[in-house]
Amino acid sequence: MEQPFVIKLPAAQSSRPAAPQSDIAEIREMFREINHRYMVYQPPAYYSALKRAMDVTISMTFILLVMSWVYPIVALLIKLTSRGPVFFIQKRTGYKGVEFDCFKFRTMYVNADADTKQATSNDKRITTVGKFLRLTHLDETPQFFNVLLGDMSIVGPRPHMLYHTRYYSQIIPYYNLRHEAVPGMTGMAQIKGYIGEINAERELRKRVQWDVYYLKNRSVWLDITIVFTTFAQVIGKGLSGLLKKD
């Protein structure tokens with residue numbers, strides 16, 4: 001089984017004890033070190049072109065064959081069961097830290113905490129239709145438009161809301177390395193089980209480690225593997241959830 005990529009820094013060689021560093025200073029130093037080592041690696045020149053071709057092909061196919069009839073049904077259900085827009089559009093952190101509008105079907109009642117408070121299990125803000133959309137991951141399907149626009153890729157580190165980016169970049173080592181790749185609808189961390197609500201800092205550290213692993217090992221074959229693994233997991237999770245309701 002793959003292991004997340006972790007940098008172990010060499011012990012400093014000095015004849016006198018080093019001056020104590022604050023936690024933030026230590027994190028910044030580790031970030032500089034891992035960033036330096038990471039930048040030595042670059043994927044093959046053809047990788048970006050093939051990845052983009054795969055993104056456009058998959059997103060266009062899904063939009064034409066699935067979204068063309070799913071969208072009217074989902075939009076009607078959302079409008080009939082709660083007030084507010086069909087889409088929830090949120091600013092998220094993209095490639096090289098550039099902000100972009102991330103599209104989702106709205107799964108919550110309109111609320112003031114949508115951009116700062118992450119959804120939790122049994123969240124009262126989630127609508128009845130929203131629970132189904134989240135269970136089946138249909139709420140994420142409008143992000144195929146983000147992929148077509150080039151703001152996202154099918155595979156890459158999941159984009160976080162701006163509030164989380166500002167907060168976690170200060171306390172999680174190597175966090176900003178996630179932005180060295182175009183964010184994805186799914187990624188290495190997601191197929192390893194790190195998906196949805198962030199319950200603890202340690203869990204987010206694991207996500208970041210798997211994101212860095214992806215950056216160090218990305219290839220067309222790895223992307224294809226992640227796509228098919230995600231598809232199998234979504235189908236399995238959806239069927240399991242529906243069976244539990246029965």
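What's counted below: heavy atoms across the whole structure, side chains too, no hydrogens, waters or symmetry copies. Just so it is clear, the model here is predicted, and its values are computed rather than measured.
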* To do: Would you check if I78 and L133 make a side-chain contact, meaning some heavy-atom pair closer than 4.5 Å?
  => yes
* Working to the nearest 0.5 Å, report the span between CD1 of I154 and OG1 of T230. => 10.0 Å
* Asked: Do L80 and I126 share a hydrophobic cluster (ILVMFWY, side-chain heavy atoms under 4.5 Å, transitive)?
  -> no
* Looking only at non-hydrogen atoms, find the nearest pair between F132 and L138 and report the distance. => CE2-CD1, 4.0 Å
* Minimum-distance pair of heavy atoms, taken over all atoms of L148 and S59 -> CD1-OG, 3.6 Å
* To do: Write out all pairs satisfying ring pair (Phe, Tyr, Trp, His ring centres under 6.0 Å) with one or both partners inside residues 99-131, taking only residues at least two apart or from two chains.
  => F87-F105
* **Heavy-atom check, side chain of H179 versus side chain of T93, under 4.5 Å** => yes
* Structure fact -> Heavy atoms of P157 and A181 approach each other most closely as CD-CB, 4.0 Å
* Carboxylate-amine/guanidinium contact E140 R134, below 4.0 Å -> no
* Structure fact -> Between the CE atom in M60 and the CG atom in L65, the distance rounded to the nearest 0.5 Å is 10.0 Å
* Structure fact -> Closest heavy-atom pair, V147 versus R52, reported as atoms and distance to 0.1 Å, is O-NH1, 2.7 Å
* To do: Only one of N146, V182, I58 passes side chain to side chain contact (heavy atoms under 4.5 Å, CB included) with S153; say which it is.
  => V182
* Asked: Parallel, tilted or perpendicular: which describes the rings of H160 and H164, with under 30° parallel and over 60° perpendicular?
  -> perpendicular
* **Point-to-point distance, once rounded to the nearest 0.5 Å, from OG1 of T61 to CZ of F144** => 9.5 Å
* Y175 six-ring centre to R178 NZ/CZ under 6.0 Å and within 45° of normal -> yes
* **Non-hydrogen atoms of P72 and M67 that approach each other most closely** => CD-O, 4.0 Å
* Answer yes or no: is there a side-chain heavy-atom contact under 4.5 Å between K104 and Q143? => yes
* **Residue pair D139, T107: steps toward the side chain to side chain donor-acceptor pair (under 3.5 Å) verdict** => CA-CA 7 Å; D139 62 316; T107 60; 5.0 Å; no
* Side chains of N176 and S169: do they bring a donor and an acceptor to under 3.5 Å? -> no
* Output, in order, the C-alpha distance, side-chain angles, deciding distance and verdict of side chain to side chain contact (heavy atoms under 4.5 Å, CB included) for K96 and E180. => CA-CA 6 Å; K96 297 295 185 181; E180 292 294 326; 2.9 Å; yes
* Atom pair NE2/CD of H137 and Q233 - distance to nearest 0.5 Å -> 9.0 Å
* **Side-chain touch P85/V110, heavy atoms, less than 4.5 angstrom** => yes
* Measure the shortest side-chain to side-chain distance between I224 and V227 over non-hydrogen atoms and say whether it is less than 4.5 angstrom. => no
* Asked: If you group Ile, Leu, Val, Met, Phe, Trp and Tyr by side-chain heavy-atom gaps below 4.5 Å, do F88 and V74 land in one group?
  -> no
* Asked: How many angstroms lie between atom CE of M152 and atom OH of Y95, to the nearest 0.5 angstrom?
  -> 15.5 Å
* Would you say F228 has more than 12 foreign heavy atoms packed within less than 6.0 Å of its CZ? -> no
* Euclidean distance, K51 NZ relative to D55 CG, rounded to 0.5 Å -> 5.5 Å
* Shared ILVMFWY cluster between I89 and L162, side chains joined below 4.5 angstrom? -> no
* Check whether the side chains of R92 and Q90 place a donor and an acceptor atom closer than 3.5 Å, and report yes or no. => yes
* Hey, does Y71 have a side-chain heavy atom less than 4.5 Å from the side chain of V86? -> yes
* Test item: side-chain donor near acceptor, D223 and Y214, under 3.5 Å -> yes
* Among the clusters formed by ILVMFWY side chains lying less than 4.5 Å apart, do M185 and I195 turn up in the same one? -> no
* What pair of heavy atoms forms the shortest contact from I172 to R205, and how long is it? -> CD1-CG, 3.7 Å
* Asked: Taking atom types as modelled, is there a side-chain donor on T186 or R158 under 3.5 Å from an acceptor on the other?
  -> no
* Asked: Quick one: do Y168 and L215 end up in the same hydrophobic cluster if we chain Ile, Leu, Val, Met, Phe, Trp and Tyr together by side-chain heavy atoms under 4.5 Å apart?
  -> yes
* Asked: Looking only at atom types and distance, does a side-chain atom of Q190 sit under 3.5 Å from a main-chain N or O of G187, one as donor and one as acceptor?
  -> yes
